[in-house]
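Numbers restart at 1 for each chain; the letters A, B, ... are given by sequence-line order, proteins then strands.
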Number of protein chains: 2
Amino acid sequence: MPSRAIESPTVPDGDIQLESQQIKQAGLKVTAPRVKILSILENCGKRHLSAEDVYKELLSQQEEIGLATVYRVLTQFESAGLVCRRHFEGGQSVFELNSGEHHDHLVCVKCGKIVEFADSIIEERQARIAAENGFEIEEHSLVIYGVCSESGCQKKA
Amino acid sequence: MPSRAIESPTVPDGDIQLESQQIKQAGLKVTAPRVKILSILENCGKRHLSAEDVYKELLSQQEEIGLATVYRVLTQFESAGLVCRRHFEGGQSVFELNSGEHHDHLVCVKCGKIVEFADSIIEERQARIAAENGFEIEEHSLVIYGVCSESGCQKKA
DNA sequence: GGAAAATTGAGTATCTTTCGCATCTTGCTC
DNA sequence: GAGCAAGATGCGAAAGATACTCAATTTTCC
C-alpha cells in the first residue's frame, strides 16, 4: 500500500524546556519570541499556519511580539529545518512543523481543510521524470485542490 | 478570398485576424491591448511569461499599454480559458497559453529553465488519493524544482 | 556582572497585484 | 457612417505579504 495518510501528531501541552531545547539544537539563541512561536506551532491545534495566524494567536495571548519578528523567526526556523514553508494558492505562505517525512497536500477550495498524504508511486515517477530530463531534484511541491466531503463544501455554488 | 487588409502596415508579429478571432470567441471585446498581449504570448518565443515580462515586451515595442491593463487582460484571458496562470515559487505568477492538455512542470532553480511534462501514472494516483480522502479534484499543481543539465547550473555553488 | 554579539519592535520599503475613476473605444443601431 | 451605452483603458493610489533599517534590548559567555 504505497499511499498512506499522515495524521497530525497530537501534541502535548507547551513545554518551554523542550522548545528551548529544540531552538538551541537548531543553533539559535533561545529568546522569548522564538519559544512562544514554536509553542504555538506545536500546540495551537492546526498544523498549517500563516505568519498572520501566528501573529494573531500571539496577540490573543497578550504577547508583545511584532509581526516582523514572526516573519523573521519563521524564516529562521525554516532555514534551521524546524518548519516547512508551503506556498498554496491564495497569496500567503503557510508554515508547518517539519515532521521529517516528505508529504504532499490535498486542499479543499471551499473550507480550506488540508489533508496530508505521501505516495511512493508518485515520488518514484517524479524521480524518473526528473532523471529523463537531466534534472537533479531539489524539492517538489504537489498540491491537489478540490472539494472535500463536508456537506457544506459539496453544495453546488 | 482576396484578403486585402485595410489596417495600418505596422504589425510585426502575429496575425491580427487570428488573434481577434480568438478574443472574440472568448467572449471579449477586441481591443488593441488584448490583441497585442495575446500576440506576445503567442510569438515571443517563451512559453511562460510573468505579467511584468509581458509589460516589458510591450514597452520594447513602443506600445502604450499600462501595467494594470496587462494584469487585467491576463486575468480575463485566464477566466476565458485562453491562458493558464501558474504559481511557481519566487513571488510572481507566470502565464502560458492554454494548450488544452494538462501538464506539470520541472523548473531549474539555477537558470529558471522550465520543462513541461505529463504523466498518466501520476495523474491516476492523484485521482485515487483524492477519492480515498473524499475529495473531488478541481485542479492540481505539481512542480519539481531541481538543477538542469546545463553546465552552468550543475556547478556547485 | 559585564561586554560583545545577536535579536527585537516599529516603522518603512518593496514587490506584486488590484482598485477607483475619469476618459476613451468598441460593438450595435439606425 | 453617426450616435450611444456598455465595457475597456491608463494612471495613480491602495492593498496584502514580506523584507529591511536601526536604535534599543536581551542573550550568551566569561
Exercise for the section: Look at B:Ser93 and C:dT17 and indicate whether a side-chain polar atom (N or O) is within less than 4.0 Å of OP1 or OP2. Expected result: yes
Handout entry: Interatomic distance where CD1 belongs to B:Ile23 and P belongs to C:dT25 [whole Å]
Key = 17 Å
Fill in the blank from the handout: Taken to the nearest 0.5 Å, the spacing of B:Ile122 CD1 from A:Arg125 CZ works out to 6.5 Å
Exercise for the section: Would you confirm whether B:Asn98, through its side chain, and B:Cys84, through its main-chain N or O, come within 3.5 Å as a donor-acceptor pair? Expected result: no
Exercise for the section: Round to a whole Å and report the spacing from OH of A:Tyr55 to C1' of C:dT8. Expected result: 13 Å
Exercise for the section: Can you tell me the distance, in whole Å, between the CD atom of B:Gln76 and the C1' atom of C:dT18? Expected result: 13 Å
Handout entry: Main-chain N/O of A:Ile16 paired with A:Ser20 side-chain donor or acceptor, under 3.5 Å
Key = yes
Practice task
Quickly work out the B:His87 NE2 to C:dT16 P distance and round it to whole Å.
Solution key: 14 Å
Problem - Watson-Crick and G-U pairing of DNA chain C written in dot-bracket, each distance under 3.5 angstrom, with | for inter-strand partners - result: ||||||||||||||||||||||||||||||
Practice task
Could you check how far CD of B:Gln92 sits from C1' of C:dT17, rounded to whole Å?
Solution key: 11 Å
Completion exercise
Residue pair B:Arg34/B:Ala68 against DNA chain D: nearer the 5' end by closest nucleotide is B:Arg34
Handout entry: B:Gln61-B:Glu57 side chain donor-acceptor pair, cut-off 3.5 Å
Key = yes
Problem - Distance test, side-chain N/O of B:Tyr71 to OP1/OP2 of C:dT17, below 4.0 Å - result: yes
Handout entry: Ionic contact status for A:Arg85 with A:Glu96, cut-off 4.0 Å
Key = no
Exercise for the section: Let me see the working for A:Leu82 and A:Leu97 under side chain to side chain contact (heavy atoms under 4.5 Å, CB included), right down to the final yes or no. Expected result: CA-CA 6 Å; A:Leu82 284 175; A:Leu97 286 172; 5.8 Å; no
Handout entry: Comparing B:Arg85 and A:Gly66 on DNA chain C - which has the more 5′ nearest nucleotide
Key = A:Gly66
Handout entry: Pair A:His48 + A:Phe95: ring centers closer than 6.0 Å
Key = no
Practice task
Could you tell me whether A:Glu52 contacts a base, only the sugar-phosphate backbone, or nothing, with contacts defined as non-hydrogen atoms closer than 4.0 Å?
Solution key: nothing
Problem - 5' to 3' contact window, DNA chain D with chain B (heavy-atom distance under 4.0 Å) - result: D:dA6 to D:dG12
Problem - Rounded distance (Å) that lies between atom C1' of C:dA6 and atom CZ of A:Arg72 - result: 11 Å
Exercise for the section: May I ask you to test the A:Ile144-B:Phe135 pair for a side-chain heavy-atom distance under 4.5 Å? Expected result: no
Could you write out each protein N or O paired with an N or O of nucleotides 26-29 of chain C at a distance under 3.5 Å?
unit_1	atom_1	unit_2	atom_2	d
C:dT26	O3'	B:Val30	O	3.4
C:dT26	O2	B:Lys29	NZ	3.2
C:dG27	OP1	B:Val30	N	2.9

Practice task
For residues B:Tyr145 and A:His140, establish whether the separation of their ring centroids is below 6.0 Å.
Solution key: no
Exercise for the section: Indicate yes or no: does A:Arg47 engage A:Glu116 in a salt bridge with an N to O separation below 4.0 Å. Expected result: yes
Practice task
Using distance alone, with no hydrogens and no angle criterion, decide if B:Thr75 and B:Arg72 have a side-chain donor and acceptor under 3.5 Å apart.
Solution key: no
